[in-house]
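Keep in mind that this is a model prediction, so the values were computed, not measured.
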Amino acid sequence: MSGIEVIGLISAVIGIIEGVSKLYNAIENTSHLPKAFREVARRLQLVRVTLQATEGRLQKHNVDGNSYTAIMPTVESCKDKAERLRNILQDMVAQPDASRVEHYRVVVRRLGKESKVEELMKGMLEDVQLLATNQAVKAVGEENIDELMRAIQALSQVPPTATDGSTFTYHGTGDQINNTGSGTQNINKGKGQQHIAHSISASD
């Protein structure tokens, strides 16, 4: 594994992070935007700065090929999460303000809880922490490592942006009727009796 490949990949992740920051700016005033989005946005700078320090360290110091091979999976993991975060925010930007949050939650239920923005950011912070503490890199000092750890802990404590399973958000008036199963749902909103049967026969 060459240093050029690893450094180039780190540079690519930095570029993605900068794009994510711009996308967040486009949705930060979205109605009912969960607090975790703001917490994620606050940590973008920390991830970017740590990656830049890692990139600078690798460019200035001789690092053996085995060390590059060892850190490459962590950089790739960070890039994957950054791309997923970017894609989610891009999708939200394309939605009308009023439906962005609910659309996001539908996407998370489809892709899985690991696609929540707070989980992606926490994973990115863990990745850059691994890079920063790697013996061959040692990109940042103890103070920065502590900041990364505090950021990871803080994201672990924010209210989730989406709940697992089937949930429904309703801001209108009147009844909300949801059937999440596979069976038939019969609704009677009148005053008379409702008789449910597969077949009904009548005789004089």
* Asked: Hey, is the main chain of Glu83 close enough, under 3.5 Å, to the side chain of Asn87 for a donor-acceptor pair?
  ->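 Checked: pair present.
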Say whether, by atom type as modelled, one donor and one acceptor occur between the side chain of Arg105 and the main chain of Thr161 under 3.5 angstrom.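 Side chain of Arg105 to backbone of Thr161, a donor-acceptor pair under 3.5 Å: yes, one is there.
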(Q) How close do Arg84 and Ser115 get, counting heavy atoms only, and between which atoms? (A)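 Looking at all heavy atoms of both residues, the closest pair is NH2-OG, 3.8 Å.
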query = Of all heavy-atom pairs between Ile10 and Leu51, which one has the smallest distance, and what is that distance?
reply =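 For Ile10 and Leu51, the tightest heavy-atom pair comes out as CG2-O, 3.6 Å.
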State which residues pass side chain to side chain contact (heavy atoms under 4.5 Å, CB included) with Pro160; sequence neighbours excluded, sorted by chain then number.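 Scan of Pro160 (side chain to side chain contact (heavy atoms under 4.5 Å, CB included), adjacent residues dropped) gives Lys116, Glu118.
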Checklist line | Pairing residues for Leu130 by the side chain to side chain contact (heavy atoms under 4.5 Å, CB included) criterion, not counting sequence neighbours | finding: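 Leu130 satisfies side chain to side chain contact (heavy atoms under 4.5 Å, CB included) with Thr74 once adjacent residues are dropped.
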Query - Distance (rounded to the nearest 0.5 Å) between Tyr104 OH and Leu89 CG - result: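 Tyr104 atom OH to Leu89 atom CG measures 9.0 Å (nearest 0.5 Å).
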- Query: Between Arg150 and Asp146, is there a side-chain N and carboxylate O pair less than 4.0 Å apart?
  - Reply: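 Salt bridge between Arg150 and Asp146, a charged N being under 4.0 Å from a carboxylate O: no.
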I'd like to know if Val107 and Val101 are part of one continuous hydrophobic network [Ile/Leu/Val/Met/Phe/Trp/Tyr, side-chain heavy atoms within less than 4.5 Å].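 As far as the 4.5 Å side-chain criterion goes, Val107 and Val101 are not connected within one cluster.
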Side-chain atoms of residues 91-99: list all donor-acceptor pairs with protein atoms under 3.5 Å, sequence neighbours left out, distances to 0.1 Å.
unit_1 : atom_1 : unit_2 : atom_2 : d
Asp91  : OD2    : His103 : NE2    : 2.7
Gln95  : NE2    : Asp91  : O      : 3.4
Asp97  : OD1    : Ser31  : N      : 3.4
Asp97  : OD1    : Ser31  : OG     : 2.9
Ser99  : OG     : Pro96  : O      : 3.3

According to the salt bridge (charged side-chain N to carboxylate O under 4.0 Å, His left out) rule, which pairs have a member within residues 36-45, sequence neighbours left out?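 Qualifying pairs, neighbours excluded: Glu39-Arg42, Glu39-Arg43.
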Could you go through residues 151-159 and list every donor-acceptor pair under 3.5 Å that involves a side-chain atom there, pairing it with any protein atom two or more places apart or in another chain?
unit_1 : atom_1 : unit_2 : atom_2 : d
Ser156 : OG     : Ile152 : O      : 2.9

> For Tyr24, what residues pass the ring-ring contact (aromatic ring centres under 6.0 Å, His included) criterion, not counting sequence neighbours?
Replying inline: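 Tyr24 satisfies ring-ring contact (aromatic ring centres under 6.0 Å, His included) with no residue once adjacent residues are dropped.
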Between Glu102 and Arg109, is a salt bridge (Lys or Arg N to Asp or Glu O under 4.0 Å) present by the stated rule, with each step listed? CA-CA 11 Å; Glu102 187 58 27; Arg109 287 197 292 271; 3.6 Å; yes
